[in-house]
Structures are given as structure tokens and as C-alpha cells.
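Below, chains carry the letters A, B, ... as their sequence lines are ordered, and counting in each starts from 1. Computed from a predicted structure; not experimentally measured.
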2 protein chains.
Amino acid sequence: MITTAQLFKAISDQNRIRILNMLKERILCVCEIRTILGLANSTVSQHLRILKENGFIEESKDGKWVNYSLNIKSSDYRIIELLSLIPTFIKEEEEKIFQTDLRRINKIDRNIICGIS
Amino acid sequence: MITTAQLFKAISDQNRIRILNMLKERILCVCEIRTILGLANSTVSQHLRILKENGFIEESKDGKWVNYSLNIKSSDYRIIELLSLIPTFIKEEEEKIFQTDLRRINKIDRNIICGIS
DNA sequence: ATTACATTTCGGTAAATAACGAAATGGAAA
DNA sequence: TTTCCATTTCGTTATTTACCGAAATGTAAT
């Protein structure tokens, strides 16, 4: 059983919160997230592993792509609660970065972006 | 403004979750918490500083004692939400440690305990 | 089969965290 | 004012974290 403290630790990083915020908009692959966050592929992969291991997201492979999505069907009440809470918490923040992320997400195409930048 | 990630970081430690759980029962001083957690005074003081700086708890001095309590009057919606959520999350956990903490809290007297163990 | 490419794993590094004991602080009592 | 004592601050250490680039993995297309 994942402890409550551990659950909070999994979402105690700004980049992981941004990832969850973006995944609320739509399913994303590693390279799309990498493009928005400006991090190395390997770093994004690590963040996704942490979110997955703690039950916040799911992965589904589609050929060479790995698609990540929010685990909105989780049987863990705490996950459901936190996933629904985070968007309202973000709104409470003054930061514009989360809205910028969403705008950028809807403008990128993984087929163009990946492997280039 | 404290970011959402930062807020989660403040409660991403098992000992700080235990402190919040105990403070739900009643106001406590450093030495009482130290006794239950089995940590050094200075370590407990640090944990309390983090919880205070992030808005989860308040302190009020009473002579040589410093009393800590939950900041249930916070104007930050996120604090209110998290403080009410944590007890339900803990219940979801299998861990008995939180209930044991509460039982022990109600058996200790700061006047007897402090300075001895 | 070979190449191409998205992703993960590995090895390493710099910074952050949690812990301690010792020294400093500040209020209460002697 | 001197002493006592709860707490905080300081200095240090071991561990964890976030990050990167390079190498390994696995799938698709040539």
C-alpha cells in the first residue's frame, strides 16, 4: 500500500504537476511532454515512471509511441480525489504557466516535433 | 504565493503527516511531538517550521512552551482542503501508526515528559 | 535483415532533504 | 541577575532527488 506521504511526494514536483495538468487536456507521448517542459527525454520518462508507479497515470503502447493518460478509473479513492483537486489548486495559483502549457499542447503534432528539437 | 507542488512537498513526509494527524487531536508542543515520533528536538522543530511556513499550522507562545495547532482558519482554500482530506487519506491507509500516535498523545503530559526522555 | 526512431535504462553529478548533536535564544522561576 | 528549561539555529553528514547524455530496448518501415 502506498502511504499518503508517498502519494504527496509523487506530486510534489512542479514538472509532474504540469504533466498532470497537460494530461487532463489529452493523451500525450513522452516527446510531446518533453517539448513543452524543455527537459531531456530521459528526465520526462523518469517523471512519468514516478506518476505511474504511484497510480496517477496509465500507459498504453501504440507502435513506437507510448501514450500516457490520467488514471481516472483508479480504485484508490485518494488518487481520484487528488486528480480532481489539482486543477482547482492550480487555478488558485497565480501562475500562468499551466494555461500556457495547454495552449502549446493543442498546437503541437508529435509527428512533426519528435526527433527534431 | 506558494505553488501547488510546494504545498504537496510540505506534506510529503511521513513524520509531518503524523504531526498533522496528532494536531487534529489537540494542541501540542515540540517536546510532546518529539516523544511520540522519537526524533531529536531540532528535527521536530524543522518539521514544524516547514508546516508553518507553508500555512498548515500556527504557533502561539505560552511562556517557555510553544504550542502548535492546525491552521483551520487559513484563507488559502488549498490548505483547508488538504487539512480535511488528510484524515480520510490516512484512514484509507492500512497503517496503524496514526491511531497509535493518537492513543499515546492522550496519555502523555508535557510537564512530566519534557526534559526526561 | 537493416535502418529509423520513440522510449527506457544506466551511470554520473549537483542540489535538496532529513537527521543529529552542540551552541544560541528567550521566557520563568529562584 | 542567575539559573533552568523549551525551543530554535547552526554545522555536519548520509540519503534522496532531478537532471543530463550515452547506451540499450523494442517496434515499424524500408
Side-chain angles (χ1 to χ4, degrees), chain A residues 2-3 5-20 23 27-54 57-69 108-117, chain B residues 2-3 5-20 23 27-54 57-69 108-117:
Chain A
I2 295 165
T3 66
Q6 166 120 25
L7 223 50
F8 287 133
K9 183 158 292 188
I11 52 174
S12 71
D13 179 274
Q14 178 82 342
N15 285 322
R16 290 199 287 275
I17 295 281
R18 284 173 75 185
I19 290 173
L20 293 178
L23 286 178
I27 285 172
L28 294 166
C29 66
V30 175
C31 73
E32 290 175 308
I33 295 169
R34 179 209 62 195
T35 303
I36 303 291
L37 296 186
L39 295 173
N41 263 331
S42 52
T43 304
V44 172
S45 190
Q46 289 298 324
H47 283 310
L48 290 167
R49 186 182 56 75
I50 290 167
L51 289 173
K52 191 179 66 172
E53 283 178 359
N54 285 279
I57 63 174
E58 287 179 314
E59 71 171 46
S60 67
K61 303 198 175 177
D62 174 21
K64 62 182 174 179
W65 310 97
V66 181
N67 288 314
Y68 286 93
S69 55
I108 63 176
D109 177 349
R110 66 175 66 175
N111 293 297
I112 295 168
I113 272 170
C114 294
I116 293 172
S117 76
Chain B
I2 294 165
T3 66
Q6 171 92 38
L7 222 49
F8 286 133
K9 184 158 292 188
I11 52 173
S12 72
D13 179 275
Q14 178 82 341
N15 286 321
R16 291 200 286 276
I17 296 281
R18 285 173 74 184
I19 290 173
L20 292 178
L23 287 177
I27 285 172
L28 293 166
C29 66
V30 176
C31 73
E32 290 175 307
I33 295 169
R34 179 208 62 192
T35 303
I36 303 290
L37 296 185
L39 296 172
N41 263 332
S42 52
T43 304
V44 172
S45 189
Q46 288 299 323
H47 283 309
L48 289 167
R49 186 182 55 75
I50 289 166
L51 289 173
K52 191 179 66 173
E53 283 179 359
N54 286 279
I57 63 174
E58 286 179 315
E59 71 170 47
S60 68
K61 304 200 175 176
D62 174 22
K64 62 182 174 178
W65 310 97
V66 181
N67 289 314
Y68 287 93
S69 55
I108 63 176
D109 177 350
R110 67 175 66 175
N111 293 297
I112 294 169
I113 272 170
C114 294
I116 294 173
S117 75

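Residue Leu51(B) contributes atom CG, which lies 16 Å from atom C1' of dT8(D) at whole-angstrom precision. Distance CD (Gln14(B)) to C1' (dT17(C)): 16 Å, rounded to an integer number of Å. With rounding to whole Å, Glu53(B) atom CD is found 15 Å from dA18(C) atom C1'. Distance, Glu59(A) CD to dT7(C) C1': 10 Å, rounded to whole Å. In this structure, CD1 of Ile17(B) is placed 15 Å from C1' of dA18(C), rounded to the nearest angstrom. Straight-line distance from the CZ atom of Phe8(A) to the P atom of dT17(C): 17 Å, rounded to whole Å. Summarising the geometry, the separation between NZ on Lys64(A) and P on dA4(C) is reported as 12 Å, rounded to the nearest angstrom. Regarding Leu37(A), its CG atom lies at a distance of 9 Å from the P atom of dC19(D), rounded to whole Å.
With dA18(C), dT8(C), dT7(D) as the candidates, the nucleotide lying closest to the side chain of Asp13(B) is dA18(C). Taking every side-chain heavy atom of Ser42(A) into account, dG21(D) is the closest of dA19(C), dG21(D), dC5(D). The Ala40(B) side chain lies nearest to dC20(C) when the options are dT7(D), dC20(C), dA18(C). The side chain of Leu39(B) lies closest to dA19(C) when the candidates are dT7(D), dC5(C), dA19(C).
Two residues are said to be in side-chain contact when any heavy atoms from C-beta on lie closer than 4.5 Å; Ile11(B) and Asn54(B) fail this criterion. Side-chain contact between His47(B) and Ile33(B): absent, with no pair of heavy atoms (C-beta onward) separated by less than 4.5 Å. Contact check for Ile36(B) versus Ile19(B): no side-chain heavy atoms found under the 4.5 Å cut-off.
Side-chain N/O atoms of Arg34(A) include none lying less than 4.0 angstrom from OP1 or OP2 on dA6(C). Listed pair Asn41(A) / dC20(D) fails the phosphate criterion, with no side-chain N or O lying under 4.0 Å from OP1 or OP2. For Tyr68(B), a side-chain nitrogen or oxygen approaches OP1 or OP2 of dT8(D) to under 4.0 Å.
Two residues, Lys52(A) and Lys9(A), neighbour DNA chain C, and the one matched to the more 5' nucleotide by heavy-atom proximity is Lys52(A). DNA chain D is contacted by both Val66(B) and Asp62(A); Val66(B) maps to the nucleotide lying nearer its 5′ end (nearest heavy atom per residue).
Distance CD1/Ile57(A) to CZ/Arg16(A): 10.5 Å, rounded to 0.5 Å. Annotation: the span from Tyr68(A) atom OH to Leu51(A) atom CG amounts to 10.0 Å, rounded to 0.5 Å. Summarising the geometry, atom CG belonging to Leu37(A) is positioned 5.0 Å from atom CZ belonging to Arg18(A); distances are rounded to the nearest 0.5 Å.
Residues of residues 43-50 of chain B that place a heavy atom closer than 4.0 Å to DNA chain D, in numerical order, are Ser45(B), Gln46(B).
Here the rule is side-chain hydrogen bond (donor to acceptor under 3.5 Å, both in side chains) with Asn67(A), and of Glu32(A), Arg110(A), Glu58(A) only Arg110(A) fits it.
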